[in-house]
Amino acid sequence: YLPDVLTIFVVGASGDLAKKKTYPSLFDLHRHGFLISDKTIICGYARSPKSDEDFRDQLMPYLKDGTEEEKKEFLDLCIYRKGAYDSTDDVASVFEELKEKEAELGEGGKVNRLFYFAIPPTVFVPIGKSIKEAVIDRAGESVGWSRLIVEKPFGKDSESFQELSSDMKALYSEDYIYRIDHYLGKEMVQNLLILRFSNAIFEPLWNRNHVKSVTITFKENFGTKGRGGYFDSYGIIRDVIQNHLLQVMSLVAMEPPVKVTGEGSANYIRDEKVKVLNCIDPVKLEDCVLGQYLAAPDGSEVAYTEDDTVPDDSVTPTFATIVLWIKNPRWDGVPFIIKAGKALNERKADIRVQFKNAPGSGNLFDGQTITENELVMRLQPDEAVYIKTNVKKPGLATKPIMSELDLSYKERYDVELFDAYTRLILEVIRGRQATFVRDDELKASWDIFTPLLHQIDDGKVNPILYEYGSRGPPESDQLTERVGYHYHGGN
Ligand code: BG6
């Protein structure tokens, strides 16, 4: 058995994303034995000149865990070549060299190629074209598969997405492209379909007859952290809601796919996600509360507009609570609440499915408070699944109290949970597209937010100011209460 050679070509290798996410994940894969030293080539590519040594020195501080020896072995695989993104000749000349290495390592076997685009979308098409002409179109018999990993943002609204998508489609068919949404690589998000579809106790209740509301929350306890320039032209809706949180929501709400795992499952799952996204109405202004953070009351953190890279008069939202309505037989009338914000009181992401009260329970217990059951899946930190349940207060009184059936991963499982990027890159190597976003999913998700985004861009809505470190504007709680979410505290 002759294992295939794998060439990983990281475009934008000297950028932030490559250093913080791509290379550390490749290192993780290498030290866990998924990348074999004498069968792997990792070539970084970007515009600035840099020697291999300088490049390795820059990567080193980002490699966490692992021993010095493991780091050294990995960095020895990493080379760096300079070139323009729009130059077929530059890419071709790098590949002349790489082909020689591939032949050397391949010993006559197959070569697979992974192209990682860690670059802004403005250069997707120029580099996509250069790679196609210089490498894909000239691939010989020895080349097995070629795959492309692409990073968000995939446009800024429906129109810009369509343009980018059709330009990319002219170069590559859908089976080449793996659009990363790293939330799909998180342990608890991957757990969703197993939890939903393999337990007799959830699926029968998973509909408008029993579910009162679904809330997906994303909170960060830090601000834009030097990314203000990027953030200001995107805002919280484009940064995390239209992509990460809507992806999570589509997995919560979709109908059962033909298959969750195995042959064909990638398209079966994505077909169902698109269907549910297509049943969501575009967001209305009255179903949305926007916010922007002020300085911390003790002066320890500056306001969003005091960030040097943000214009002083910026009205870009750093917080949003949005209620989405799915107009299909399963979910008609159930609010899906998405709440996301930076510079809040804690860092947390979770999904809460709040159920209606047990019928007649008010009368049965003589008007004593019965709390709605809630299934909570905590994505981070500390992955957990727990169910808020009513039990008798231990002791002599017959009093219902709310308690939790709790599965905390840290306490239950003694396994290392991989970073989402590590998991997703491995899925690309394995050729599994289920956890990557298909073109039609993106179209549907941009269509939901584009009218609202245009109103915000046109200055028609001003964000409500909230203090750094708070729970966000109180208007957010008023909105969620209005649509029927019963706040149990702690969120
Ligand atoms: C990124 C956003 O996609 O996701 C960031 O651009 C955000 O603004 C990040 O902080 C959150 O990811 P995670 O995995 O830390 O929750």
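Order of appearance sets the numbers: ligands from 1, and atoms from 1 within every ligand. FYI, the numbering just counts along the sequence from 1.
Residue-environment remark: CG (D414) stays at or below the threshold of 12 foreign heavy atoms within 6.0 Å.
When K225, K21, H182 are ranked by how near their heavy atoms come to atom 12 (O) of ligand 1, first place goes to H182. Atom 14 (O) of ligand 1 has its nearest heavy-atom neighbour, among K186, K348, R227, K219, in K186.
Between the side chains of E427 and Y178, no donor-acceptor pair is found at a separation under 3.5 Å. Residues T318 and Q292 bring no donor and acceptor atom of their side chains to less than 3.5 Å of each other.
Taking atom 1 (C) of ligand 1 as the reference point, the nearest protein heavy-atom neighbour is H244 NE2, 3.6 Å. Among protein heavy atoms, atom 15 (O) of ligand 1 sits closest to R347 NH2, 3.3 Å. D239 OD2, 2.5 Å is the protein heavy atom nearest to atom 8 (O) of ligand 1. In this structure, atom 10 (O) of ligand 1 lies nearest to the protein heavy atom E220 OE2, 2.5 Å.
Residue contact annotation: Y183 has a non-hydrogen atom under 4.0 Å from ligand 1.
The ligand atoms of ligand 1 that sit less than 4.0 angstrom from a heavy atom of K342 are 5 (C), 7 (C), 8 (O), 10 (O).
For the pair K50 and Y80, the cation sits on the ring face: its NZ or CZ lies under 6.0 Å from the ring centre, inside 45° of the axis.
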